[in-house]
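Side chains are part of it too, since the values below use all heavy atoms of this structure and drop only hydrogens, waters and symmetry mates. Keep in mind that what you see is a predicted model, and the values were worked out from it rather than measured.
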Amino acid sequence: MRYRIIITFLVLLFASTIQAQNERKDIRKGNKAFRQQNYVQAEVDYRKATAKNGRNPQAIYNLGCAFMAQQKDSSAVVQFENASKIETNPKRKAMAFHNIGVICQKKQLFSEAIEAYKESLRNNPSDNETRYNLELCKRQLKNQKNNNNDKNQQNKNDKNKDNKNKEQQKKDQKDNKDKQQNNQQQPKEQMSKDNAEQLLNAAMQKEKETQDRLK
């Protein structure tokens, strides 16, 4: 029984060794395609490697790089995050977080980028490029907040201005309405005055005629 167990273990070990060799072969092919800037083919080769071993951090990280080179940023971030969870080498883990930071910074997601750069520096404190990106990202976040505050203030001022314009417009409309009503009333008053004079003249004329008859 012990002999059979040993034989089975050796068979499994041999199969695992063959699979690992094929896996590394796919990664090497992907690396060659990547160096030639054939990112589509590199993606294909890295996918083959990850299909054979979904726990290979190098294959996963490289697949993220292939996505990143093709502007498939969301897919790239997913791969970098997956690689960072299983990578045991601190410098390689730092590279994954660095790339996440670069993508977030490009998307102007400065808060997320800052956190990614900080995590990268925790794993590789000597990376000056990451440190520079971190400081730059902090300034960009500050400028973004200032611009948003200015924009909000401008929107507030515009809203107040619109409200004042609306109030002035309502006032003007009311003044015009009152003026029109006054203009409509004036002819009526004038007509009443003319009628009164006509009636007075008619009464005087009638009284004169009556006096003439009496004489």
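- A salt bridge links E43 to R47: at least one charged side-chain nitrogen sits closer than 4.0 Å to a carboxylate oxygen.
- Nearest heavy atom pair, residue N123 against residue P90, reads CB-O, 3.3 Å.
- Hydrophobic clustering (side-chain heavy atoms under 4.5 Å, transitive across Ile, Leu, Val, Met, Phe, Trp, Tyr) groups L134 together with V77.
- Panel note: side chain E87, backbone N89; a donor-acceptor pair is recorded below 3.5 Å.
- Tested against F80 for a side-chain contact (heavy atoms from CB on, under 4.5 Å), the candidates I100, V102, I60 yield a single pass: I100.
- Cluster membership for L141 and I103, using ILVMFWY side-chain heavy atoms within less than 4.5 angstrom, is shared.
- Taken from NZ in K93 to CZ in R122, the straight-line distance is 12.0 Å, to the nearest 0.5 Å.
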Exercise. Check the pair S75 / D73 against side-chain hydrogen bond (donor to acceptor under 3.5 Å, both in side chains), numbers first and verdict last.
Key: CA-CA 5 Å; S75 298; D73 294 332; over 6 Å; no
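- Residue-environment remark: NZ (K32) stays at or below the threshold of 12 foreign heavy atoms within 6.0 Å.
- Proximity of the aromatic rings of Y117 and F97 is defined here by a centroid distance below 6.0 angstrom, and this criterion is not met.
- Here CD of Q21 is found 12.0 Å from CG of D26. Values are rounded to the nearest 0.5 Å.
- Rounded to the nearest 0.5 angstrom, E129 CD and N133 CG are separated by 5.5 Å.
- For S120 (side chain) and A116 (main-chain N/O), no donor-acceptor pair under 3.5 Å exists by modelled atom type.
- Side-chain contact, S126 with N128: no donor N or O sits under 3.5 Å from an acceptor N or O.
- Counting all heavy atoms, side chain and backbone alike, A33 lies closest to A42 at CB-N, 3.7 Å.
- With rounding to the nearest 0.5 angstrom, the CD1 atom of I27 is 4.0 Å from the CG atom of N56.
- In this structure the side chain of R24 reaches within 4.5 angstrom of the side chain of R28, judged on heavy atoms.
- Contact detail for R131 and P125: the closest heavy-atom pair is NH2-O, 2.6 Å.
- Summarising the geometry, atom CD1 belonging to I114 is positioned 7.0 Å from atom NZ belonging to K138; distances are rounded to the nearest 0.5 Å.
- Between G54 and I86 the shortest heavy-atom distance is O-CD1, 4.4 Å.
- Side-chain atoms of N31 and D45, non-hydrogen and from C-beta on, never get closer than 4.5 Å to each other.
- Between the CD atom of Q140 and the CG atom of L109 there is a distance of 11.5 Å, given to the nearest 0.5 Å.
- Heavy-atom minimum distance, Q105 versus F110: O-CE2, 3.8 Å.
- Proximity of a side-chain donor or acceptor of Q70 to a complementary backbone N or O of A66 within less than 3.5 Å is detected.
- With hydrogens and angles left out, the side-chain atoms of N99 and Y61 include a donor and acceptor closer than 3.5 Å.
- Looking at every heavy atom in both residues, Q79 comes nearest to G64 through CB-CA, 3.6 Å.
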Quiz prompt | N38 and V40: CA distance, side-chain angles, deciding distance, side-chain contact (heavy atoms from CB on, under 4.5 Å) verdict | solution = CA-CA 6 Å; N38 188 353; V40 175; 4.3 Å; yes
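- Aromatic ring pairs are classed by plane angle as parallel below 30°, tilted from 30° to 60° and perpendicular above 60°; the pair F34 and Y39 is perpendicular.
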